[in-house]
Amino acid sequence: MRRPARTLVLACAVLALPACAQLPAVTAPAATGRAPVPLVVQPAQAARIAEAATAPLEVAGDPAATDLDALAQRVTGPELDLRRAAATIAAAGATPPAAGADTLEAISSVLPRQEGWPRWFLTVTEPGADSKPSLVVLRSPAPREPYRVWATPSLLPGASLPTTGAPADGAAVVPADEDTNLPMSPAAVAERYADVLLNGDGSEFAGQFATDAYRRGVLTSAEEQARALEGAGGTFSQERVLLDDSVLAVRTRDGGALVVAGYRSSVTAAGPAGGLPGQLQAAAAALAGREDATSVTTVVEEVVVFAVPPGQGQTSVVAVQSGPVSIEAS
């Protein structure tokens, strides 16, 4: 008897992020007798850089018409990978998931105080048509290299960024391995949250993070796919690694930290041995270059922004960007 074809679902958590996300407060620091470390850029310069760097993204509003060569001149990292994937999906006539922020007009900046390179800073945008304020993370690897947009994560429901210094005052950089007055270092924040996304409440680090909408969505999607595939005799597996040099952090006014981390996750869904190929959803088929498969590995890139409290307490996820960048099917 012919068995019905199965549908292999592209693993992507879709989050509705309402307008209740709050923008960060900024305050001036107390005076000290020491000369401060210089800002990576001055506030007016940051505004000009952000406007120039985000201009290609404004033009790339229609993924199907995106000039990827032009985009690569001012966009890099996860942002470029996600935009390329969206363009591939759109070119095939399918509807791509949202690749990043829909409005890039900056209303404030977080400017690290730092000497040497690589350098980075971020801007906070006006809420767009989707009512979500976003962050624009800009990075420069060397003195003669321009700042490029590396990510545009959006605030999660009800989330607010921790208070940072006013743009002109800047914020001290927190090294990835520093845990002074923090419950854990920025590197540990990034690594432990990855473990929580993979293992849920079974992770030994689960209690160190406040629950959040992204975490719930990722875990629910994984549980549902694993249950469906394993119930039909198939298999489901996943892994998550940090992107190289992706952990960035600055001190907040209360002595805590604002941490940015990038991940690449790989999710493999395979039907039972000897089973019929399943039909792929349109977006997955566009990235895979085929319409059916018995095994699908979806690679997703994620950028997560954390608010780390001073002293002890739970770390919170405040903003996320996530989407598929490639699919291998057989």
Side-chain angles (χ1 to χ4, degrees), residues 3-15 77-78 80-89 92 94-99 151 190-206 212-244 246 261-304 317 320-330:
R3 283 177 278 184
R6 304 179 316 280
T7 299
L8 296 181
V9 181
L10 177 64
C12 243
V14 179
L15 303 177
L80 183 58
D81 293 342
L82 290 165
R83 299 280 178 168
R84 282 173 169 160
T88 298
I89 293 170
T95 301
E191 292 163 358
R192 293 175 186 182
Y193 189 69
D195 190 79
V196 172
L197 288 180
L198 287 175
N199 299 304
D201 291 341
S203 168
E204 63 180 302
F205 309 117
D212 64 82
Y214 186 68
R215 170 177 163 181
R216 288 194 299 269
V218 168
L219 292 173
T220 298
S221 175
E223 290 169 2
E224 290 176 349
Q225 290 183 76
R227 187 182 308 115
L229 284 163
E230 291 167 3
T235 60
F236 176 86
S237 63
Q238 57 177 330
E239 61 181 19
R240 181 173 277 100
V241 297
L242 275 169
L243 296 174
D244 291 342
S246 70
Y263 303 95
R264 180 177 290 110
S265 67
S266 177
V267 178
T268 299
L276 295 173
Q279 184 175 359
L280 300 177
Q281 291 184 342
L287 290 179
R290 57 186 297 165
E291 295 183 352
D292 59 17
T294 57
S295 177
V296 175
T297 297
T298 303
V299 176
V300 173
E301 289 190 3
E302 306 156 303
V303 175
V304 182
V317 172
V320 173
Q321 180 180 16
S322 175
V325 296
S326 67
I327 291 179
E328 292 184 6
S330 60

Does V317 form a side-chain contact (heavy atoms from CB on, under 4.5 Å) with R215? I'd like the steps, not just the answer. CA-CA 9 Å; V317 172; R215 170 177 163 181; over 6 Å; no
[atom1] of [X] to [atom2] of [Y]: how many Å apart, nearest 0.5 Å?
X    : Y    : atom1 : atom2 : value
T88  : L287 : OG1   : CG    : 6.0 Å
L197 : Q238 : CG    : CD    : 8.5 Å
E301 : Q321 : CD    : CD    : 9.5 Å
L276 : D292 : CG    : CG    : 10.0 Å

Closest heavy-atom pair and its distance - [X], [Y]:
X    : Y    : answer
A283 : T95  : CB-O, 4.2 Å
T268 : S295 : CG2-OG, 4.0 Å
L280 : A329 : CD1-CB, 4.4 Å
E302 : S322 : CG-OG, 3.7 Å
T298 : P324 : CG2-CB, 4.2 Å
A269 : L229 : CB-CD1, 3.4 Å

Atom CD of E230: over 12 foreign heavy atoms under 6.0 Å: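 Yes, enclosed.
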Checking side-chain contact (heavy atoms from CB on, under 4.5 Å) for the pair L82/V325: CA distance, chi angles, key distance, verdict? CA-CA 6 Å; L82 290 165; V325 296; 3.8 Å; yes
Side chain of T294, backbone of S330: donor and acceptor closer than 3.5 Å?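 Between the backbone of S330 and the side chain of T294 there is a qualifying donor-acceptor contact (under 3.5 Å).
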Is it the case that the side chain of T220 and the backbone of R216 share a donor-acceptor pair, with hydrogens and angles ignored and the cut-off at 3.5 Å?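 Here the side-chain-to-backbone pair exists.
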Can you check side-chain contact (heavy atoms from CB on, under 4.5 Å) on S203 and L198, steps first, answer last? CA-CA 8 Å; S203 168; L198 287 175; over 6 Å; no
N-O pairing of D244 and R264 below 4.0 Å: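 So D244 does not pair with R264 through a salt bridge.
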Stepwise side-chain contact (heavy atoms from CB on, under 4.5 Å) check, L243 with Y263: CA-CA 5 Å; L243 296 174; Y263 303 95; 5.6 Å; no
